[in-house]
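None of the values given here were measured: they were computed from a predicted structure.
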Amino acid sequence: PQQGVYYLTPPKTAFEEVYIRLRTKEQRVHNDDFVQQLPLVPKLHPHAREWKMRRKTQERFCTFLASKKQPLILDIGCGNGWFTAKMAPYASGITGVDVGTEELEQAARCFGSESVRFVCCTDLNLLPEAQFDIITFNASIQYFEPTTAFWENLFRLLKPGGEIHLLDSPIYEPADQHAAKERSAHYFNQQQESAAEGYYFHLTWNNLPANYQVCYQSANRILRFFKTDSPFPWVVITK
């Protein structure tokens with residue numbers, strides 16, 4: 001490992017430069033002390049309400065993991081590793097994967113251990129076959145193009161009966177996808193980061209493999225504004 005990170009491939013530097021710039025503008029890049037406290041943040045933090053929702057997701061998912069028998073977990077798009085670390089006590093081993101250097105090195109500093117390792121990998125084909133019981137995408141599935149080959153590659157990584165869990169990301173009705181793309185493009189242009197549009201995908205229910213089920217669904221759109229729970233579904237796809 002280099003700075004605690006295992007490199008299967010060089011980092012995806014073009015994406016990372018855009019991503020870190022945008023996240024910095026959004027006040028989502030934090031120092032190590034702050035990251036180690038996540039998902040707990042000060043009440044006056046600009047994203048305090050969002051983190052309260054993400055904490056509910058983390059607690060719900062860790063309760064689910066507690067019912068399992070110490071699975072091997074692959075956390076794809078792990079970022080700074082806070083969610084990877086929260087799952088670690090319920091796993092026999094856990095690997096956090098991302099494509100950049102900055103957040104992975106922070107994850108390794110803050111949460112790396114014998115049972116928690118962080119890997120830079122821009123090609124999922126390089127990951128071992130039939131190794132994992134559970135694959136998680138926590139607020140990260142939108143950075144992957146949901147092709148048939150993508151899902152098949154994920155199934156390749158799973159043991160028989162393994163599961164893919166999608167958490168805290170929007171999934172759109174097909175009729176709403178075009179408007180969502182326009183909103184994203186407008187936002188990225190406002191932030192003067194139009195290149196980000198090329199790295200962001202709008203997953204629809206039709207893009208999911210047929211064998212999925214919804215484990216959690218938010219309340220209706222009017223009520224959920226007043227809730228502290230996630231507005232996004234928890235979807236599990238079984239191999």
Worksheet item: Is there a side-chain contact (heavy atoms from CB on, under 4.5 Å) between Leu157 and Gln131 once you walk through the steps?
Response: CA-CA 6 Å; Leu157 304 177; Gln131 180 72 31; over 6 Å; no
Practice prompt. Take Ile94 and Leu72 through the test side-chain contact (heavy atoms from CB on, under 4.5 Å) and record every step on the way to the result.
Written response: CA-CA 6 Å; Ile94 186 164; Leu72 278 170; over 6 Å; no
Discussion item. Run the side-chain contact (heavy atoms from CB on, under 4.5 Å) test on Tyr212 and Val236 for me, step by step, so that the C-alpha distance in whole Å, both residues' side-chain angles and the decisive distance to 0.1 Å come before the verdict.
Written reply: CA-CA 6 Å; Tyr212 76 84; Val236 58; over 6 Å; no
Item to complete: Please lay out, stage by stage, how Ile237 and Leu154 fare under the test side-chain contact (heavy atoms from CB on, under 4.5 Å).
Response: CA-CA 10 Å; Ile237 306 165; Leu154 294 179; over 6 Å; no
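A salt bridge is defined here as a Lys NZ or Arg NE, NH1 or NH2 lying under 4.0 Å from an Asp or Glu carboxylate O, and Glu152 with Arg156 fails to meet this definition. Ion pair Arg60/Asp229 flagged as a salt bridge, since at least one NZ, NE, NH1 or NH2 atom sits closer than 4.0 Å to an Asp/Glu carboxylate oxygen. Taking the charged nitrogens against the carboxylate oxygens, Glu163 and Lys239 have no contact shorter than 4.0 Å, which rules out a salt bridge. The pair Arg54-Glu59 does not count as a salt bridge, with every side-chain nitrogen at least 4.0 angstrom from each carboxylate oxygen.
In this structure, the ring of Trp82 has its center no less than 6.0 angstrom from the ring center of Phe111. Checked against the 6.0 Å centroid criterion, the rings of Phe137 and Phe144 qualify as a close aromatic pair. Taking the six-membered ring wherever Trp is involved, the centroid distance between the rings of His30 and His47 does not fall below 6.0 Å.
You'll find the side chain of Ile141 stays beyond 4.5 Å of the side chain of Leu167, heavy atoms only. Looking only at side-chain heavy atoms (C-beta outward), Asn207 and Gln177 come within less than 4.5 Å of each other. For the pair Thr101 and Glu16, the minimum side-chain heavy-atom distance is below 4.5 Å. Contact annotation: the side chain of Phe150 approaches that of Leu124 to within less than 4.5 Å [non-hydrogen atoms, C-beta and beyond]. Counting heavy atoms from C-beta on, the side chains of Ile164 and Ile134 never come closer than 4.5 Å.
Once rounded to the nearest 0.5 Å, the distance linking OG1 of Thr238 with CZ of Phe155 reads 8.0 Å. Atoms SG and NE2, on Cys215 and His165 in that order, are 6.5 Å from each other to the nearest 0.5 Å. Phe61 contributes atom CZ, which lies 11.5 Å from atom CG of Asp168 (distance to the nearest 0.5 angstrom). Taking OG of Ser184 as the reference point, atom CD of Gln142 lies at 9.5 Å (rounded to 0.5 Å). Interatomic distance, OH of Tyr172 versus OG1 of Thr204, reported as 11.0 Å (0.5 Å rounding). Rounding to the nearest 0.5 Å places SG of Cys121 at 11.0 Å from NZ of Lys12.
Looking only at atom types and distance, the side chain of Asn31 has no donor-acceptor partner in the side chain of Asp33 under 3.5 Å away. Counting only N and O atoms by type, the side chains of Asn138 and Asp75 include no donor and acceptor under 3.5 Å apart. For His178 and Glu182, the side-chain atoms include at least one donor-acceptor pair closer than 3.5 Å.
Between Gly81 and Phe118, the shortest heavy-atom contact is CA-CE2, 3.9 Å. Here the closest heavy-atom approach between residue Ser169 and residue Ser140 is recorded as OG-N, 3.5 Å. Of all heavy-atom pairs between Pro11 and Cys120, the closest is CA-SG, 3.6 Å. What you find for Asp98 and Gly77 is that their closest heavy atoms are OD2-C, 3.4 Å. Nearest heavy atom pair, residue Pro233 against residue Val214, reads CB-CG1, 4.4 Å. Considering every non-hydrogen atom in both Ala130 and Lys159, the closest pair reads O-CG, 3.5 Å.
More than 12 non-hydrogen atoms from other residues, nucleotides or ligands lie less than 6.0 angstrom from CD of Gln191. In His186, the NE2 atom is not crowded: 12 or fewer heavy atoms of neighbouring residues, nucleotides or ligands sit closer than 6.0 Å. Other residues, nucleotides and ligands contribute only 12 or fewer heavy atoms inside 6.0 Å of the NZ atom of Lys52. Heavy atoms of other residues, nucleotides or ligands lying less than 6.0 angstrom from CZ of Arg28 number more than 12. Annotation for Gln192: atom CD does not count as buried by contact number, only 12 or fewer foreign heavy atoms lying within 6.0 Å.
Under the 4.5 Å side-chain heavy-atom criterion for ILVMFWY residues, a single connected hydrophobic cluster contains both Leu22 and Tyr19. If you chain together hydrophobic residues whose side chains sit under 4.5 Å apart, Phe34 and Phe83 fall into the same group. Clustering ILVMFWY residues whenever any of their side-chain heavy atoms sit less than 4.5 angstrom apart, transitively, puts Val235 in a cluster other than the one holding Ile73. The same ILVMFWY cluster, assembled from side-chain heavy atoms under 4.5 Å apart, contains both Ile76 and Tyr143. A single hydrophobic cluster is not seen to contain both Phe132 and Val116; linkage of ILVMFWY side chains at heavy-atom distances under 4.5 Å, directly or through other members, places them apart.
Using the six-membered ring where Trp is involved, Tyr200 and Phe188 have ring planes that are perpendicular, over 60° apart on the 30 and 60° scheme.
Between the Thr95 side chain and the Leu74 main chain, no donor and acceptor come within less than 3.5 Å of each other.
Considering Tyr216, Tyr90, Trp234 as possible partners of Phe64, the one that fulfils the ring pair (Phe, Tyr, Trp, His ring centres under 6.0 Å) test is Trp234.
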